[in-house]
Amino acid sequence: MKKKKDGRWAIQSLAALATNSHLIGFFGEKINIYKGSLKSACVPGLNCYSCPGAIGSCPVGSLQAVIAGRKHNFSFYVLGTLALFGMLLGRAICGFLCLFGFIQDLLYKIPTPKIKVPQRVDKCLRYLKYLVLAVLVVLLPIVLTNNFGMGAPTFCKWLCPAGTLEGGVPLIASDEGLRSRIGFLFYWKAAVLALVLLASVLIQRPFCKYLCPLGAFYGFFSKAGLWRMRLDEAQCTGCGLCEKKCPMGVAVRQDINVPECIRCGACKKACPTGAIRTTYGFRDQAPAPSQPDLPRMKGTTT
Amino acid sequence: MKHAATTRVLILVAAAAFVVIGVMRGEVGEVLKKSIRVCLECIGIG
């Protein structure tokens, strides 16, 4: 059978380049970051604004920057932007536009024996990203403040491997002043980064599955968002190929539009009968008229 | 089905309203101020 092409890699490459198109930041006399007004807008994926190539702001960093400040404990601007992204694209952002997701996809291509995380462990670990979102991104930046009423971007500071990789590595490698200030925090973040990168070689998208607060947020829009998946049960033979190919381990036949689905289309590509489709729009599609009720799909595509 | 479509429209309108309120409160400036400087916490310096 001829292999279907989906062009996802091309989109991921273009998106990575588009959000990091300040290339002079990497190759100038001294490595430095972009300081233009485009940075007042958030990009959809996890992309550190201290990356020398970044032309937009990381939404997770921006959210913490506003709520950790003295003026506001809530960011209408960033949350509104994230909700717009969530409604229009949802976790397709993870599958197509996020640079760190793309890096994990590339690492998983390295031919090594792969690890299958036991189902029970996997299920528990998936809740971690909601904890990261609630505690590290929202709660601690508001609650832990200094004498001036300023909080810290706790997620960026203690966990985010994207910041270490995209911002930390190039900036510290090129700046003697920054290198001289390296301490425990940098070693901690480097260890987190190393662990995530190593895990990405062995497990498909471990950071997206278990730790990413942005993925957790976009997951809230998996059913309400405009971009949804649809499984036509009349055409489904139950072969399970879709579930075997899903990089996020979604039980496609149980419920296709779960928060874990990154809309990568691997299931659609694998389906031999074309039972899986992508839909985009405000209205849910009605089931085929000849079909009786589809209870498992209730609330998703009917 | 109609209900779902209405909900989607409402969420989108609310999200857009949030962005407008955020802009009016000056949050854009706060985001810009943070993002045009090297974030020392992000890169692991402090």
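Labels below follow one simple rule: chain letters A, B, ... track the order of the sequence lines, proteins then strands, and each chain is numbered from 1. Heavy-atom basis, side chains included; hydrogens, waters and symmetry copies ignored.
Heavy-atom pairs under 4.5 Å with chain A peak, among B:Leu40, B:Val23, B:Ile11, at B:Ile11. Ranked by heavy-atom pairs shorter than 4.5 Å toward chain B, the options A:Ser40, A:Ala83, A:Gly168, A:Gly86 are led by A:Ser40. Most heavy-atom pairs under 4.5 Å with chain A: of the set B:Gly29, B:Gly44, B:Ala17, B:Ala14, this distinction falls to B:Gly44. Ranked by non-hydrogen atom pairs under 4.5 Å with chain B, the options A:Lys35, A:Glu166, A:His72 are led by A:His72. Chain A forms the most heavy-atom pairs under 4.5 Å with one residue out of B:Gly22, B:Ala15, B:Ala16, B:Gly46, and that residue is B:Ala15.
Under the 4.5 Å side-chain criterion, counting only non-hydrogen atoms from C-beta, A:Lys223 is not in contact with B:Thr7. With a 4.5 Å cut-off on side-chain heavy atoms, A:Ser75 and B:Glu30 do not count as touching.
Residue A:Ile24 places its CD1 atom among 12 or fewer non-hydrogen atoms of other residues, nucleotides or ligands, all under 6.0 Å distant. With a 6.0 Å radius and a threshold of 12 heavy atoms from other residues, nucleotides or ligands, A:Arg179 has its CZ atom above the threshold.
With hydrogens and angles disregarded, a donor-acceptor distance shorter than 3.5 Å links the side chain of A:Lys189 to the backbone of B:Cys42. For the pair A:Arg181 (side chain) and B:Ile45 (backbone), a donor-acceptor distance under 3.5 Å is absent. A donor-acceptor pair is defined here as one N or O able to donate and one able to accept, closer than 3.5 Å; no such pair exists between the side chain of A:Ser57 and the backbone of B:Ser35. When atom types are taken as modelled, the side chain of A:Ser62 and the backbone of B:Val31 share no donor-acceptor pair closer than 3.5 angstrom.
The contact between A:Val78 and chain B is made by backbone and side chain atoms together, counting heavy-atom distances below 4.5 Å. Only the side chain of A:Ile172 comes within less than 4.5 Å of a heavy atom in chain B; its backbone stays farther off. Both the backbone and the side chain of A:Ile182 come within contact range of chain B, with heavy atoms under 4.5 Å apart. Neither the backbone nor the side chain of A:Phe155 comes within less than 4.5 Å of any heavy atom in chain B. Using a 4.5 Å cut-off between heavy atoms, A:Leu171 touches chain B through its side chain atoms alone.
Expressed to the nearest 0.5 Å, how far CD1 of B:Ile43 lies from CG of A:Leu165 amounts to 13.0 Å. Distance check, rounded to the nearest 0.5 Å: SG of A:Cys160 to CD of B:Glu41 gives 12.5 Å. Taking OH of A:Tyr77 as the start and CD1 of B:Ile21 as the end, the distance is 14.5 Å to the nearest 0.5 Å.
Nearest heavy atoms, B:Arg8 versus A:Gly281: CD-O, 4.2 Å.
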Carefully, step by step, assess B:Leu12 and A:Leu226 under the rule side chain to side chain contact (heavy atoms under 4.5 Å, CB included).
-> CA-CA 10 Å; B:Leu12 270 174; A:Leu226 303 187; 4.2 Å; yes
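Across B:Arg25, B:Glu27, B:Lys34, a single residue satisfies side chain to side chain contact (heavy atoms under 4.5 Å, CB included) together with A:Val66, and that is B:Glu27.
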